[in-house]
Amino acid sequence: MQITLTQPDDWHLHLRDDAMLRAVAGSTARHFSRALIMPNLVPPVVTGNDARSYRARIVKAVEEALPGSNFTPLMTLYLTESTDAGDVVQAAADGTILAVKLYPAGATTNSASGVTDIDRVMPVLEAMAQHDIVLCVHGEVTDSGVDIFDREARFIETVLEPLRRNLPELRIVLEHVTTREGASYVADSTKNLAASLTPHHLMINRNHLLAGGIRPHYYCLPIAKREEHRQALVNAATSGDPGFFLGTDSAPHTRATKESSCGCAGVFNAANTMVCLASVFEEAGALDKLEAFVSLNGPQWYGLEPNRSTMTLRKETNETPLPDVITVGDDRVIPFDPARPVYWNVVDPDFS
Ligand code: DOR
Ligand code: ZN
């Protein structure tokens, strides 16, 4: 069996910088035509100038890793309490950025410069609403009194819903949704709200992470939830609802920082996202909805044309091996293991 799709895009990607950027850039460019690049570097990508210079570093790294690929990075800014609304509006108007990212301070990797109180960034959000600039949200509260498994649902109730009531014209992506509550909140909304979904949250639940031993390479934020939530996410992804699209949240960390007494959050899935998704959609009897999820819904939300290039995936009789471990200096990055056999392969484009 073989399927051909419009070439996919990744609407949520961490590429990092320097040696890590050079090591992982090819994994995304091999399959995806465009990716929305997360700004949580150290220090973060805050201004239009930061985004322009980061973009140039990415383009160079991709050209070195995979000469001749058609990859285009789409940039975001990291929203801080001192972000200048005028700079955001200018960066969107001149095409430097496509969106702005809100990290609640302390919610995840490199989020220390994020927002402690949404009221403090209201002037920027108002300007974004006025100029139709998308806000991408890491949707978890950071209150240490709230259980880690409840942080997404609590964010929706206490931050997102009030924000949407206050500023209904602001277009928001609830990123990497991990709960039934999140999926139904987005499915039920009628306007200006969409969600990205990761391949790992479609494939693993919290038992994969915690039962029979802690598996640090499955640790990410928001954390994987119960099986019933995973099933709700698969239903959302395979529904064809244009409000749901792929954002891999591929987030490389070195093995040493993952396999540690205080391991970093992040799953590196760029290289096998597409074969994993073909498997998930086939299992759900929804291969005909895969193209909408990976290639059509995202561009439509962001007001862009779908890619003209295509991707062909083929189902093989032999199990697809896991992607190669990537070397970074004298450490490595371990790719996502989907915890079940996958039989799909990408046969085109094949830049490898
Ligand atoms: O697991 C995660 N890793 N979640 C995030 O929100 C950030 C990411 C990272 O940058 O490593
Ligand atoms: Zn992320």
Side-chain angles (χ1 to χ4, degrees), residues 9-18 20-21 23-25 27-28 32 35-45 54 58 73-79 98-115 134-142 148-149 151-152 155 172-179 182 195-204 206 208-210 214-225 233 245-260 262-270 273 298 326 328 331 333-336:
D9 303 306
D10 179 353
W11 297 101
H12 182 128
L13 175 67
H14 300 271
L15 279 179
R16 316 300 190 203
D17 215 343
D18 305 316
M20 182 65 94
L21 167 62
V24 302
S27 300
T28 289
F32 297 93
L36 189 65
I37 310 299
M38 290 299 115
N40 62 334
L41 304 182
V42 190
V45 178
Y54 184 32
I58 294 170
L74 303 168
M75 308 309 290
T76 60
L77 295 182
Y78 185 119
L79 183 60
L98 191 62
V100 173
K101 175 79 187 226
L102 186 156
Y103 288 101
T108 187
T109 309
N110 305 337
S111 62
S113 324
V115 173
V134 170
L135 179 71
C136 294
V137 174
H138 182 109
E140 290 191 287
V141 294
T142 54
I148 187 169
F149 292 99
R151 288 179 181 188
E152 181 175 292
F155 181 90
I172 300 175
V173 182
L174 183 58
E175 302 257 54
H176 41 51
V177 168
T178 60
T179 57
S196 62
L197 292 163
T198 78
H200 45 286
H201 290 108
L202 297 175
M203 295 188 95
I204 60 161
R206 67 194 204 180
H208 293 101
L209 170 68
L210 295 169
I214 291 182
R215 294 189 182 69
H217 296 285
Y218 288 150
Y219 176 61
C220 63
L221 290 170
I223 199 163
K225 309 294 192 299
L233 304 180
F245 43 80
L246 172 64
T248 65
D249 202 9
S250 185
H253 292 273
T254 59
R255 183 173 185 176
T257 57
K258 293 287 293 172
E259 297 177 13
S260 137
C262 184
C264 291
V267 170
F268 176 61
N269 58 26
T273 281
I326 285 186
V328 189
D331 209 333
V333 180
I334 309 294
F336 175 53

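Both counts, for ligands and for their atoms, begin at 1 and track the order of listing.
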Donor-acceptor pair, distance only, cut-off 3.5 Å: does the side chain of [X] make one with the backbone of [Y]?
{"X": "E152", "Y": "T178", "value": "yes"}
{"X": "R215", "Y": "H208", "value": "yes"}
{"X": "N269", "Y": "T248", "value": "yes"}
{"X": "K258", "Y": "H217", "value": "no"}

Would you mind listing which atoms of ligand 1 come within a distance below 4.0 Å of any non-hydrogen atom of [X]?
{"X": "A251", "result": "3 (N), 8 (C), 9 (C), 11 (O)"}
{"X": "C220", "result": "1 (O)"}
{"X": "D249", "result": "4 (N)"}
{"X": "H138", "result": "6 (O)"}

Ring geometry between H176 and H138 (parallel below 30°, tilted from 30 to 60°, perpendicular above 60°): perpendicular
If we only count N/O pairs under 3.5 Å, is [X] in contact with ligand 1?
{"X": "P222", "value": "no"}
{"X": "G266", "value": "yes"}
{"X": "L221", "value": "yes"}

Min heavy-atom dist H253 to ligand 1 below 4.0 Å: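 Contact present.
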Proximity flag R16 to ligand 1, non-hydrogen atoms under 4.0 Å: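 In this structure, R16 qualifies as a contact of ligand 1 - some heavy atom is under 4.0 Å.
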K225 and T179 side chains, donor-acceptor separation under 3.5 Å: no
Hey, is there an N, O or S on [X] sitting under 2.8 Å from the Zn ion (ligand 2)?
{"X": "H176", "value": "no"}
{"X": "D249", "value": "yes"}
{"X": "H138", "value": "no"}

Nearest heavy-atom neighbours spanning K101 and V137: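 Looking at all heavy atoms of both residues, the shortest contact is CE-C, 4.3 Å.
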Shortest protein contact, atom 3 (N) of ligand 1 (heavy atom only): A265 O, 3.0 Å
Atom 7 (C) of ligand 1 - nearest protein heavy atom and its distance: T108 OG1, 3.3 Å
Taking atom [atom1] of [X] and atom [atom2] of [Y], what is their separation to the nearest 0.5 Å?
{"X": "R151", "Y": "T142", "atom1": "CZ", "atom2": "OG1", "answer": "7.5 Å"}
{"X": "L221", "Y": "I148", "atom1": "CG", "atom2": "CD1", "answer": "5.5 Å"}
{"X": "T28", "Y": "H14", "atom1": "OG1", "atom2": "NE2", "answer": "11.0 Å"}

Region of V267 engaging ligand 1 - heavy atom pairs below 4.0 Å: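 Answer for V267: neither.
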H14 atom NE2 and H12 atom NE2 as seen from the Zn ion (ligand 2), angle to 10 degrees: 110°
